[in-house]
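Remarks on the structure that follows.
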Amino acid sequence: MTSPVRVRFAPSPTGYLHVGGARTALFNYLVARQSGGTYILRLEDTDTERNTDASVRTIYEGLRWIGLDPDEGPEQGGPKGPYRQSERDALYRSLADELLSRGGVYPCFCTKEHLSAMRERQIAARVTQRYDRTCRAIPRDAALARVKAGEPYTLRLNVPEGETLLPDLIRGDVLVKNEDIEDIILVRTGGAVVYNLAVVFDDHHMGVTHVIRGEDHLTNTFKQLCIYDAMGWERPKFAHLPLILAPAGEGKLSKRKHPEAALEWYQKKGYPPEALLNWICLLGWSYDDKTEIMTRDEMIARFSIERIVKSGARLNLEKLDWMSGDYIRRMPLERVVAEITPYLVEAGLVSASPNADEIEKIRAVAAAEQGRLRCWSQIVELAGWVFAKDVAFEAKAEANLTKRPDSADILRAYAAGLAGQSFDDPKVLESWARAWAGERGLGFGDIVHPIRAALTGRAQGPGLFDVHRILGRAACVARLEAAAAKIGG
RNA sequence: GCCCCUGUCGUCUAGUCCGGUCCAGGACGCCAGGUUCUCAUCCUGGAAACACGGGUUCGAAUCCCGUCAGGGGUACCA
């Protein structure tokens, strides 16, 4: 309330954009929007070994897809840039010098070999694994002299005595004894800074007021707090989000085992981004005991960090399907048409630039299947029968076809009867069909099932007379006769 | 091992701060019934939870302690 809110989403570009990352971005965005603040994207790419450009692109594209483009970031720039840590090294180095002169860090001359040997000894002795602070004991002047002499060194956090309190917006007060905070390396041999130092420098220099990130950073926070204190900087507020767990079984959501961990997976399946966002929003947060469906503006108006849940959330894909289906059902037909077309094209069911005839058919299919779709890609399996040259029969449909011994005769007679009928209005067609069945002493159900099977190869689908209209007279007659021939007689 | 976080129906959650109105509410999923030419939708009903053990109290899902379980961290990764 005092200073304008500035929040940031700070992923490291080492893989795909994780759903959990998307949620973190959303929560940050929501906090910014509801207070007229600024939402920043910063790429945490200080680990040059693991970063890839492809990953940077998936982050941009993923955020764009769900409508969470940042106000300031690598692509859009801003007053506090650059927004990639790899481009901020000069700042880091001068700040690291200052940290050293303030005594916030001390030079360490231990070699990697020495360190890993120490670690192994600690593991063997079943004792806490932590740097033993050997170099902390070196007198400051002596250490500085060795640095000046060119001896390789790293800079380690000089953790003070006492304890550190983190007033977390979600978790409440978390208190840690400083002896449990390790003197971690903040500056590598050669002068490159490490994540824990870069975040603090950046968050401070970018004017970040609220650090909202995953709980996996909770322990890091104590080290970062020490740095804020050593620099004499005001600390931002922290909120650590619960983690997202795998949908079934144990463990967290890992990209290797769970494809649904990647945001891209949802995009490929064709979930509407607004539905996905609504679902993600409810992962670890709720407005009250009833609200489920929310527009983006409602989320902005209602969101509050205080109502974020503390415990980890498991992914519930069935709920996403339900929610997505609900969104799709309420969409205007034109949107459905536009969304399903690329999937039909990709499946080779319609041509890349559909002709008038195909467009007409796509519209009819969209209208007929809208109520059944949970994501756009489902259109292919749901409506494949419309575009297929030959009808492929499901087992159940085949059974419906041959339930009566005189099925073939019925289908042929029905096909013949169709000749004089108008296909424009399904209702008119239906009343004709009912009468037609009645005249032959057949129940409506006796003809509906075999006809559906003959026309679509399926046992379920849109209303039978919508099916008629979608297919058109010629295709209906052809399919009825083909089915009759297939079952013989 | 050590440090930290968490623990309400299968899942997401409301309720927990300010003990009684909670023999615990909603949603998804599931089961049954209804509507319908099938499926989907829609409507009605149902099964389903306060991790466990001790306290405190007239009274605890709510407060305290312990146990157990799950998760995170423990790198010259982020």
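Below, chains carry the letters A, B, ... as their sequence lines are ordered, and counting in each starts from 1.
Residue side chain A:Arg50 reaches the base of B:C77 through a donor-acceptor N/O pair under 3.5 Å, judged by distance alone.
If you check B:G73, B:C28, B:A78 against the side chain of A:Glu318, the one that comes closest is B:C28. Distances were taken from every side-chain heavy atom of A:Ala313 (C-beta onward) to each of B:G1, B:U13, B:A14; the shortest belongs to B:U13. The side chain of A:Ser311 approaches B:G7 more closely than any other nucleotide in the set B:C4, B:A78, B:G7. Checking B:U11, B:C77, B:A14 against every side-chain atom of A:Arg188, the shortest atom distance belongs to B:C77. Across B:A14, B:C28, B:A78, the shortest atom-to-atom separation from the side chain of A:Lys319 is found for B:C28. In this structure, of B:U13, B:C4, B:U11, it is B:C4 that holds the atom nearest to the side chain of A:Val176. Across B:G72, B:C5, B:C76, the shortest atom-to-atom separation from the side chain of A:Ile185 is found for B:C76. For A:Val174, the side-chain atoms get nearest to B:C4 when compared with the rest of B:C4, B:G7, B:C12. With B:A78, B:C5, B:C76 as the choices, the nucleotide that has an atom nearest any side-chain atom of A:Arg119 turns out to be B:C76.
When heavy atoms are screened at a 4.0 angstrom cut-off, A:Val309 is found touching the sugar-phosphate backbone but no base atom. Residue A:Glu44 is in sugar-phosphate contact alone, with no base atom involved, counting any heavy-atom pair closer than 4.0 Å across all strands shown. Residue contacts shown for A:Asn220 include a base, since a base heavy atom lies under 4.0 Å away. Residue A:Arg126 is in sugar-phosphate contact alone, with no base atom involved, counting any heavy-atom pair closer than 4.0 Å across all strands shown. As judged by a 4.0 angstrom heavy-atom cut-off over every strand, A:Thr128 is placed among the base-contacting residues. When heavy atoms are screened at a 4.0 angstrom cut-off, A:Gly284 is found touching the sugar-phosphate backbone but no base atom. In this structure, A:Cys110 reaches the bases: a heavy-atom distance under 4.0 Å links it to at least one base atom across the strands shown. Contacts of A:Ser116 with the nucleic acid, taken as non-hydrogen atoms under 4.0 Å apart, are absent.
With C1' as the reference atom, B:G1 and B:U16 are 34 Å apart, rounded to whole Å. Between the P atoms of B:C9 and B:A14, the separation comes to 13 Å (whole Å). Comparing the C1' positions of B:G72 and B:U13 gives an interatomic distance of 22 Å, to the nearest angstrom. Across the P atoms, B:U6 and B:A60 are found 25 Å apart, a figure rounded to whole Å. Rounded to whole Å, the separation between the C1' atoms of B:G54 and B:A47 comes to 32 Å. Here the separation of B:U62 from B:G46, taken at their C1' atoms, is 29 Å to the nearest Å. Using P as the reference atom, B:G7 and B:G45 are 33 Å apart when rounded to the nearest Å. Using atom P as the reference point in both B:C4 and B:G10, the two lie 31 Å apart (nearest Å).
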For nucleotides 36-53 of chain B, just jot down a letter per nucleotide in 5' to 3' order: B, S or -, based on protein non-hydrogen atoms under 4.0 Å. -BBBSS------------
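With both pairing distances under 3.5 Å, B:G7 is matched to B:C68 as a Watson-Crick or G-U wobble pair. When Watson-Crick and G-U wobble pairs are counted only if both distances are under 3.5 Å, B:C37 pairs with no nucleotide at all. Across every strand in view, B:G29 sits unpaired, with no contact that passes the Watson-Crick or G-U test at under 3.5 angstrom. Partner assigned to B:G1 is B:U74, using Watson-Crick or G-U wobble distances below 3.5 angstrom. Searching all strands for a Watson-Crick or G-U wobble partner of B:C22 with both distances below 3.5 Å returns nothing.
In this entry the distance linking CD of A:Glu120 with C1' of B:U74 reads 16 Å, nearest Å. Between the CD1 atom of A:Ile123 and the P atom of B:G1 there is a distance of 13 Å, rounded to whole Å. Note: CG (A:Leu243) to P (B:C12) measures 13 Å, nearest angstrom.
A side-chain donor-acceptor contact under 3.5 Å links A:Gln85 and A:Glu44. Judged by distance alone, the side chains of A:Asn178 and A:Glu161 never bring a donor and an acceptor atom under 3.5 Å apart. Side-chain contact, A:Thr221 with A:Arg235: no donor N or O sits under 3.5 Å from an acceptor N or O. In this model, a donor atom of one side chain and an acceptor atom of the other lie less than 3.5 Å apart for A:Tyr92 and A:Asp202. Residues A:Asn220 and A:Tyr195 bring no donor and acceptor atom of their side chains to less than 3.5 Å of each other.
Put simply, A:Arg307 has a side-chain N or O that comes within less than 4.0 Å of OP1 or OP2 on B:G15. For A:Ser286, a side-chain nitrogen or oxygen approaches OP1 or OP2 of B:A14 to under 4.0 Å.
In this structure, A:His217 does not count as stacked on the base of B:G72 under the 5.5 Å centre distance and 30° plane angle limits.
With a 6.0 Å radius and a threshold of 12 heavy atoms from other residues, nucleotides or ligands, A:Tyr153 has its OH atom at or below the threshold.
Remark: A:Arg404 CZ to A:Asp406 CG distance equals 4.5 Å, nearest 0.5 Å. Note that CG of A:Leu41 and CZ of A:Arg84 are 10.0 Å apart. Values are rounded to the nearest 0.5 Å.
A:Pro462 places a side-chain heavy atom less than 4.5 Å from the side chain of A:Arg372. At a threshold of 4.5 Å between non-hydrogen side-chain atoms, the residues A:Phe303 and A:Leu26 do not count as touching.
No option in A:Phe444, A:Phe465, A:Tyr414 other than A:Tyr414 meets the ring pair (Phe, Tyr, Trp, His ring centres under 6.0 Å) test with A:Trp432.
RNA chain B is contacted by both A:Pro11 and A:Ile308; A:Ile308 maps to the nucleotide lying nearer its 5′ end (nearest heavy atom per residue). A residue-by-residue look at A:Lys177 and A:Leu283 shows that A:Lys177 has its nearest nucleotide of RNA chain B further toward the 5' end.
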